[in-house]
*Asks:* 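Shown below is the structure under consideration.
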Amino acid sequence: MLREGTLEKISDGRLYELNDMVRADCAGCAGCSKCCRSDMGTSITLDPYDVWMLCKGTGRSFSDMVEKEIRISMLDGLTLPHMNMENGCGFLNEEGRCSIHPYRPSICRLFPLGRYYENGDFKYFLQVNECTKQNRSKVKVQKWIDIEPIEEHTAFVRKWHNFLGLARRKVQEAKDPQQIRNFMLFLLELFYVAEYEPEDFFTQFHRRMKTAVREMKHILR
């Protein structure tokens, strides 16, 4: 989800890369699950990799999680899924711990980091007003994110973000409401509803991306 506001107001004023050290380590969030229990609205947007991981980790389909742990809303001009945080995260267990921690969404992995997109690429920034944990330790950004292979995931994030930007522009230019609805449903079906094989997400994603770019020209005329 896109955020408004200057970087200076929400961060320590620095941008970080994967090999940089950043004061983000919350020591396992011991004794704290405030961000997971809070109503964070639609802020935890899910990308296709997130859904692939959730399905892989829970053994459930995307469709089965919709309206329970996941909601679908209009976000920044596109219909996209996000975590249902109305009463806190549905994957939080009774002890206040994440029951899907190895498969948690990218925004959860990053926190308290965020991504700053500029000129078709992105870096990371430290959010200074979101996490209440004091005396966080320094940790390498790549280690904190804990995704392998990180190079392929980084390329995926870049490509997905740029594609969403293109899709938003095409939707804004479109005149026919029915064409817009058809395109929104097409994106949801292609990237989220249609199940992925449990291995090699990135090859499957790039194949679907080719289909999306090709079909977008036909649907949004």
Side-chain angles (χ1 to χ4, degrees), residues 1-3 40-86 89-92 98-111 115 117 122 145 147 149 152-172 174 177-220:
M1 183 176 180
L2 301 177
R3 293 182 56 175
M40 301 178 70
T42 60
S43 62
I44 306 182
T45 310
L46 300 172
D47 63 34
Y49 181 84
D50 294 331
V51 169
W52 176 71
M53 286 286 282
L54 285 173
C55 293
K56 187 176 180 180
T58 63
R60 296 163 61 192
S61 68
F62 170 76
S63 298
D64 182 60
M65 289 184 271
V66 171
E67 297 303 330
K68 300 170 187 173
E69 296 89 356
I70 294 174
R71 293 279 175 86
I72 297 174
S73 302
M74 182 67 74
L75 302 174
D76 306 313
L78 294 175
T79 303
L80 294 170
H82 58 89
M83 295 296 287
N84 177 11
M85 299 295 292
E86 186 175 0
C89 179
F91 290 111
L92 201 66
C98 178
S99 65
I100 55 161
H101 196 260
Y103 307 97
R104 64 199 184 280
S106 300
I107 290 178
C108 303
R109 288 177 177 276
L110 285 171
F111 190 80
R115 298 190 190 109
Y117 295 90
F122 70 95
I145 297 171
I147 292 178
E152 287 192 72
H153 184 263
T154 299
F156 155 74
V157 171
R158 186 186 302 115
K159 191 167 189 175
W160 179 245
H161 179 79
N162 292 336
F163 170 74
L164 291 183
L166 174 62
R168 290 187 183 97
R169 292 193 295 273
K170 292 294 185 181
V171 167
Q172 290 171 355
Q178 186 59 50
Q179 288 183 359
I180 294 174
R181 284 193 292 270
N182 290 343
F183 180 63
M184 300 293 193
L185 291 173
F186 167 72
L187 288 187
L188 280 175
E189 175 65 31
L190 179 65
F191 286 112
Y192 295 99
V193 178
E195 295 186 12
Y196 293 82
E197 294 296 325
E199 304 299 330
D200 195 8
F201 164 81
F202 299 109
T203 296
Q204 297 174 76
F205 168 76
H206 292 307
R207 189 183 305 125
R208 296 187 189 202
M209 179 59 73
K210 289 180 180 178
T211 300
V213 172
R214 181 181 67 247
E215 293 301 318
M216 180 163 53
K217 300 175 183 177
H218 297 295
I219 299 174
L220 296 177

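The residues of the chain are indexed from 1 along the displayed sequence.
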*Asks:* Which pairs of donor and acceptor atoms, one on a side chain in residues 182-189, lie under 3.5 Å apart (sequence neighbours left out)?
*Replies:*
| unit_1 | atom_1 | unit_2 | atom_2 | d |
| --- | --- | --- | --- | --- |
| N182 | OD1 | Q178 | NE2 | 2.9 |
| N182 | ND2 | Q178 | O | 3.3 |

*Asks:* Does F62 form a side-chain contact (heavy atoms from CB on, under 4.5 Å) with I70? I'd like the steps, not just the answer.
*Replies:* CA-CA 8 Å; F62 170 76; I70 294 174; 4.0 Å; yes

*Asks:* Cation-pi check, R104 to F111: give yes when NZ or CZ is under 6.0 Å from the six-membered ring centre and within 45° of the ring axis, no otherwise.
*Replies:*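 Not flagged: R104 not positioned over aromatic ring of F111.
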
*Asks:* Determine yes or no for a side-chain-to-main-chain donor-acceptor pair under 3.5 angstrom, with Q179 supplying the side chain and H218 the backbone.
*Replies:*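 Judged by distance alone, no pair lies under 3.5 Å.
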
*Asks:* Any salt bridge (charged side-chain N to carboxylate O under 4.0 Å, His left out) involving residues 41-65? Give me the pairs, sequence neighbours left out, ordered by first then second residue.
*Replies:*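 Residue pairs with at least one partner in residues 41-65: R60-D64, R60-E69, D64-K68.
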
*Asks:* Quick one: CG on N84 to CE on M65, what's the gap to the nearest 0.5 Å?
*Replies:*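 Answer rounded to 0.5 Å: 12.5 Å.
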
*Asks:* Nearest 0.5 Å please: distance from the CZ atom of R208 over to the OH atom of Y196.
*Replies:*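 Going from the CZ atom of R208 to the OH atom of Y196 covers 4.5 Å.
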
*Asks:* Looking at residues at least two apart in the chain, or sitting in another chain, which of them share a ring-ring contact (aromatic ring centres under 6.0 Å, His included) with F191?
*Replies:*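 Counting only residues at least two positions away or on another chain, F191 forms a ring-ring contact (aromatic ring centres under 6.0 Å, His included) with W160, F163, F205.
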
*Asks:* Begin with the C-alpha distance, continue with both residues' side-chain angles, and end with the deciding distance and a verdict on side-chain contact (heavy atoms from CB on, under 4.5 Å) for C108 and M83.
*Replies:* CA-CA 10 Å; C108 303; M83 295 296 287; 5.6 Å; no

*Asks:* What are the two closest heavy atoms between I145 and R109, and how far apart are they?
*Replies:*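 So the two residues come closest at O-NH1, 3.3 Å.
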
*Asks:* To the nearest 0.5 Å, what is the distance between OG1 on T203 and CD on E197?
*Replies:*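 It is 12.0 Å, given to the nearest 0.5 Å.
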
*Asks:* Please report the shortest heavy-atom distance between V193 and S63, naming the atom on each side.
*Replies:*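 Minimum heavy-atom contact is CG1-OG, 3.8 Å.
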
*Asks:* Just wondering, do S106 and R115 contact through their side chains at under 4.5 Å, heavy atoms?
*Replies:*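 Yes. Closest side-chain heavy atoms under 4.5 Å.
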
*Asks:* Supply the atom-to-atom distance R214 CZ to I219 CD1, rounded to the nearest 0.5 angstrom.
*Replies:*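 One finds 10.5 Å between CZ of R214 and CD1 of I219.
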
*Asks:* I'd like to know whether the aromatic ring centres of H161 and F122 sit less than 6.0 Å apart in this structure.
*Replies:*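 No, they do not, as the ring centres are separated by 6.0 Å or more.
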
*Asks:* What closest approach, in Å, do L92 and C98 show between heavy atoms, and which atom pair accounts for it?
*Replies:*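 Taking every non-hydrogen atom into account, CD1-N, 4.1 Å.
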
*Asks:* Looking only at heavy atoms, what is the nearest atom pair of C55 and S61, with distance?
*Replies:*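 In terms of heavy atoms, the two residues are closest at SG-C, 3.9 Å.
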
*Asks:* Identify the heavy atoms of I180 and A174 that sit nearest to each other, and give their distance.
*Replies:*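 Reported closest heavy-atom pair: CG1-CB, 3.8 Å.
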
*Asks:* Nearest 0.5 Å please: distance from the OG1 atom of T79 over to the CD1 atom of I72.
*Replies:*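 Answer for the OG1-CD1 pair, T79 versus I72, is 8.5 Å.
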
*Asks:* Could you tell me whether the side chain of D76 reaches within less than 4.5 Å of the side chain of R168, counting heavy atoms only?
*Replies:*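 Of all side-chain heavy-atom pairs linking D76 with R168, at least one is under 4.5 Å.
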
*Asks:* Hey, is the main chain of F91 close enough, under 3.5 Å, to the side chain of S99 for a donor-acceptor pair?
*Replies:*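 Confirmed, S99 side chain pairs with F91 backbone.
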
*Asks:* Would you mind reporting whether L80 and Y192 have side-chain heavy atoms less than 4.5 Å apart?
*Replies:*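 Y192 reaches L80 side chain to side chain.
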
*Asks:* Do C89 and M85 have side-chain heavy atoms sitting under 4.5 Å apart?
*Replies:*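 The answer is yes, as the side chains (C-beta and beyond) meet within the 4.5 Å cut-off.
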
*Asks:* Would F202 and H153 satisfy side-chain contact (heavy atoms from CB on, under 4.5 Å), going step by step from the backbone distance to the final call?
*Replies:* CA-CA 8 Å; F202 299 109; H153 184 263; 4.0 Å; yes

*Asks:* Does E195 have more than 12 heavy atoms from other residues, nucleotides or ligands lying within 6.0 Å of its CD?
*Replies:*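 Check fails, neighbour count at 12 or below.
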
*Asks:* How many angstroms lie between CD1 in I44 and NE2 in H82, if you round to the nearest 0.5 Å?
*Replies:*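 Going from CD1 on I44 over to NE2 on H82, the span is 10.5 Å.
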
*Asks:* Kindly indicate whether the side chain of P102, heavy atoms from C-beta on, has any atom under 4.5 Å from the side chain of M53.
*Replies:*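 A side-chain contact under 4.5 Å is absent here.
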
